[in-house]
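The structure under discussion appears below in the form of structure tokens.
Order of listing sets the numbers, starting from 1, for every ligand and every atom in it. Only this structure's heavy atoms are used, side chains among them; waters, hydrogens and symmetry mates stay out. Everything quoted here is computed from the prediction, not taken from an experiment.
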Amino acid sequence: MPEELRRGLEGVLVAESELSYIDGDAGQLIYRGYSIDDLAHGASYEEVLYLLWHGHLPDRNELESFADTMATERGIDSDVLESIEALARADEEPMAALRTMVSTLSAYDDDADADPTDREANLRKGRRITAKIPTALAAFVRMRDGNDPIAPREDLSHAANFLYMLNDEEPDEVLEETFDMALVLHADHGLNASTFAALVTSSTLADLHSAITSAIGTLSGSLHGGANQDVMQMLQEVDNSDKEPSTWVNDALEGGRRIPGFGHRVYNVKDPRARILSEKSEELGEAAGDTKWYEYSVTIEDYIKDEKGLVPNVDFYSASTYYQMGIPIDTYTPIFALSRAGGWIAHVLEQYEDNRLIRPRARYVGAKDREFTELDAR
Ligand SMILES: CC(=O)SCCNC(=O)CCNC(=O)[C@H](O)C(C)(C)COP(=O)(O)OP(=O)(O)OC[C@H]1O[C@@H](n2cnc3c(N)ncnc32)[C@H](O)[C@@H]1OP(=O)(O)O
Ligand SMILES: O=C([O-])CC(=O)C(=O)O
């Protein structure tokens, strides 16, 4: 019987999920039935986390109790801080450091010995992982830059607290709202590669920390979350060249380069998150009196659409948005992970509810029936 081979699992359905839906032709994204536009403009990251993990938007009491409990989990053990310092001293890449840090957190988790599929224990672990990632990441970035880490504050939102720990300064309202919106936009996206990696790991009944560690490693690549940093580096290359942005991109395409921030496995039209982030990028530029990065981005978007029919994905406009917020470029992908942790955890919870080992097959195209020769006779 001929067996169809689907490279990259393109279009293959492998699970049912109630978490997020993407209409790639309409450019629509929803989390549990709510449009991404409504959530981005009306809900905080904490509300979205609650929605993803508990199935409904929280009322005020539910939100307060959820957000307060998460805020109390922000602190990290001094041993973990020491290992973060060692990673910073070794000049580890931030995404690799984050991968190691999340793995390390499992040693200090009160529910580490729970059954991997215990939902209540996983909600507690998930809360801790999500609460501690910003603390660990901010500490790493500060220490590798030669600064002391800043302890988390419980009175700030998830978004504001991260920026506070990163900069040793409370963010103003615009920065907090922009960052919170970016977290909402990145929280979930169907069975993207990193979420799928988390599912593969959890489908073996490995624990939540293992699944999130797999996911972070998977997100780091330049075809996935790693593209947001590449976009900013490209914009800087454009800026440093003496070429017009469209000439620069034309030359890059002719040289066989892939343009980061463009193309998507599911969207055939502009990613709705890119649409929202492009507005933010423009607003930040206007507020600062310099729309250069936004303008480069728009010129490149128009050119690539006309020439290649390719449209921006979420990573394209998050780059100039984060840059104008003063966030270090190599922190963009870890920030993606900081938000996506919420979606990964929600998907792993779903996986454990109705688990089946994920184990596809490869068509074997190698040799058969080769004659074995002892080592000394080869
Ligand atoms: C959060 C996220 O993960 S969003 C994605 C982030 N990644 C990036 O932005 C990296 C750049 N983009 C890409 O590499 C791709 O568009 C991907 C990996 C996102 C999707 O890839 P796939 O669905 O596998 O599409 P595939 O790689 O087969 O590309 C189809 C065609 O479009 C071209 N193409 C796709 N994206 C790009 C790009 N960014 N620049 C130039 N050409 C591109 C490919 O060269 C290919 O052309 P060909 O058929 O003539 O060879
Ligand atoms: O869905 C994908 O393949 C990639 C993506 O946009 C995301 O993970 O946010």
Side-chain angles (χ1 to χ4, degrees), residues 6-15 17 19-25 27-31 36 39-40 48 52 95 182-199 212 214-235 246 248-277 297 300-301 303-322 332-347:
R6 304 289 282 269
R7 291 193 70 235
L9 294 181
E10 181 160 0
V12 177
L13 288 177
V14 298
S17 173
L19 293 168
S20 52
Y21 170 74
I22 304 157
D23 183 332
D25 294 324
Q28 189 193 27
L29 168 63
I30 59 179
Y31 297 167
I36 196 64
L39 293 171
V48 166
L52 290 173
M95 270 304 266
L183 296 185
V184 168
L185 291 174
H186 287 83
D188 195 38
H189 210 247
L191 280 206
N192 59 84
S194 54
T195 300
F196 187 57
L199 293 192
I212 304 306
S214 300
I216 294 172
T218 309
L219 185 72
S220 67
S222 62
L223 296 187
H224 193 10
N228 57 9
Q229 307 185 174
D230 297 344
V231 170
M232 198 59 230
Q233 276 153 6
M234 172 182 76
L235 294 176
S246 47
W248 188 95
V249 170
N250 176 60
D251 293 353
L253 285 169
E254 281 189 353
R257 260 175 94 158
R258 268 189 186 220
I259 308 301
F262 285 86
H264 198 279
R265 181 59 70 77
V266 184
Y267 289 116
N268 300 314
V269 296
K270 186 168 176 174
D271 184 328
R273 301 165 298 175
R275 186 172 34 74
I276 298 170
L277 283 165
S297 305
I300 292 171
E301 174 181 347
Y303 185 81
I304 295 187
K305 182 151 195 282
D306 289 349
E307 291 300 310
K308 297 274 289 184
L310 287 167
V311 280
N313 58 53
V314 69
D315 290 328
F316 191 59
Y317 282 99
S318 63
S320 53
T321 301
Y322 294 152
Y332 298 178
T333 313
I335 284 173
F336 194 148
L338 183 159
S339 160
R340 184 57 60 83
W344 291 329
I345 289 160
H347 280 273

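- Annotation: side chain of K270 is not in contact with side chain of K305 (no heavy-atom distance under 4.5 Å).
- Distance check for atom 49 (O) of ligand 1: every protein heavy atom is found at 4.0 Å or beyond.
- By the 4.0 Å heavy-atom criterion, Y267 is excluded from the residues contacting ligand 2.
- When hydrogens are left out, the protein atom nearest atom 22 (P) of ligand 1 is R265 NE, 3.6 Å; that is the closest non-hydrogen contact.
- A distance-only check finds a donor-acceptor pair linking the side chain of Y31 to the backbone of L185 [under 3.5 Å].
- Contact annotation for H189 and ligand 2: heavy atoms of both the backbone and the side chain come within less than 4.0 Å of the ligand.
- The contact set between ligand 1 and D315, taken as ligand atoms under 4.0 Å from a residue heavy atom, comprises 1 (C), 2 (C), 4 (S), 6 (C).
- Among protein heavy atoms, atom 8 (C) of ligand 1 sits closest to A227 CB, 3.5 Å.
- D25 and N268 form a side-chain donor-acceptor contact under 3.5 Å, judged by distance and modelled atom types alone.
- A distance-only check finds no donor-acceptor pair linking the side chain of D23 to the backbone of Q28 [under 3.5 Å].
- Looking at D271 next to ligand 2, no N or O pair under 3.5 Å apart turns up.
- Closest to atom 10 (C) of ligand 1 by heavy atom, among G263, S222, S318, is S222.
- Under the salt bridge (charged side-chain N to carboxylate O under 4.0 Å, His left out) criterion, D188 pairs with no residue, sequence neighbours left out.
- Note on ligand 2: H186 sits outside its first shell, no heavy atom being nearer than 4.0 Å.
- Using a 4.5 Å cut-off on side-chain heavy atoms (C-beta onward), N192 and R340 make contact.
- A donor-acceptor contact closer than 3.5 angstrom is absent between the side chains of N313 and Y267.
- Here the CE-CZ distance, from M95 to F336, works out to 9.0 Å after rounding to the nearest 0.5 Å.
- In this structure, H186 and I335 have side chains that are not in contact, with every pair of non-hydrogen atoms separated by 4.5 Å or more.
- Under a 4.0 Å criterion applied to the non-hydrogen atoms of R273, ligand 2 contributes the atoms 5 (C), 6 (O), 7 (C), 9 (O).
- Protein heavy atom nearest atom 9 (O) of ligand 1, with residue, atom name and distance: G261 N, 2.8 Å.
- With hydrogens left out, the protein atom closest to atom 8 (O) of ligand 2 is R340 NH1, 2.8 Å, a heavy atom.
- H224 ND1, 2.7 Å is the protein heavy atom nearest to atom 3 (O) of ligand 1.
- Judged by distance alone, the side chain of T218 and the main-chain N or O of S194 form no donor-acceptor pair under 3.5 Å.
- Remark: ligand 1 atoms within the under-4.0 Å shell around heavy atoms of V314 are 1 (C).
- Nearest protein heavy-atom neighbour of atom 39 (N) of ligand 1: I259 O, 2.7 Å.
- Counting only distance, with no hydrogens or angles, the side chain of S214 and the backbone of A198 share no donor-acceptor pair below 3.5 Å.
- The option from L310, N228, D271, N313 that lies nearest to atom 42 (N) of ligand 1, judged by heavy atoms, is L310.
- Proximity of atom 36 (N) of ligand 1 to the protein is indicated by at least one non-hydrogen atom lying closer than 4.0 angstrom.
- Residue contacts with ligand 1 for F336 involve side-chain atoms from C-beta outward but no N, CA, C or O (heavy atoms, distance under 4.0 Å).
- Using a distance-only test at 3.5 Å, with no hydrogens or angles considered, a donor-acceptor pair links the side chain of R265 to the main chain of G8.
- Ligand 2 places these atoms under 4.0 Å from at least one heavy atom of F336: 9 (O).
- With a 4.0 Å cut-off on non-hydrogen atoms, A193 does not touch ligand 1 at all.
- Residue, atom and distance of the protein heavy atom nearest to atom 7 (N) of ligand 1 are L223 O, 2.9 Å.
- Atoms of ligand 2 lying under 4.0 Å from at least one heavy atom of H264, given by number and element, are 1 (O), 2 (C), 3 (O), 4 (C), 5 (C), 6 (O).
- Of the possible donor and acceptor atoms, none in the side chain of N250 sits under 3.5 Å from a partner among the backbone N and O of W248.
- Between the side chain of D230 and the backbone N or O of P260 there is no donor-acceptor pair closer than 3.5 Å.
- The protein heavy atom nearest to atom 12 (N) of ligand 1 is F262 O, 2.8 Å.
- For atom 24 (O) of ligand 1, the protein comes within 4.0 Å by at least one heavy atom.
- Distance alone, capped at 3.5 Å, is enough to place a donor-acceptor pair between the Q229 side chain and the T333 backbone.
- Distance from atom 15 (C) of ligand 1 to its nearest protein heavy atom, with residue and atom name: R258 NH1, 3.4 Å.
- Less than 4.0 angstrom separates some heavy atom of H264 from each of these atoms of ligand 1: 4 (S), 16 (O).
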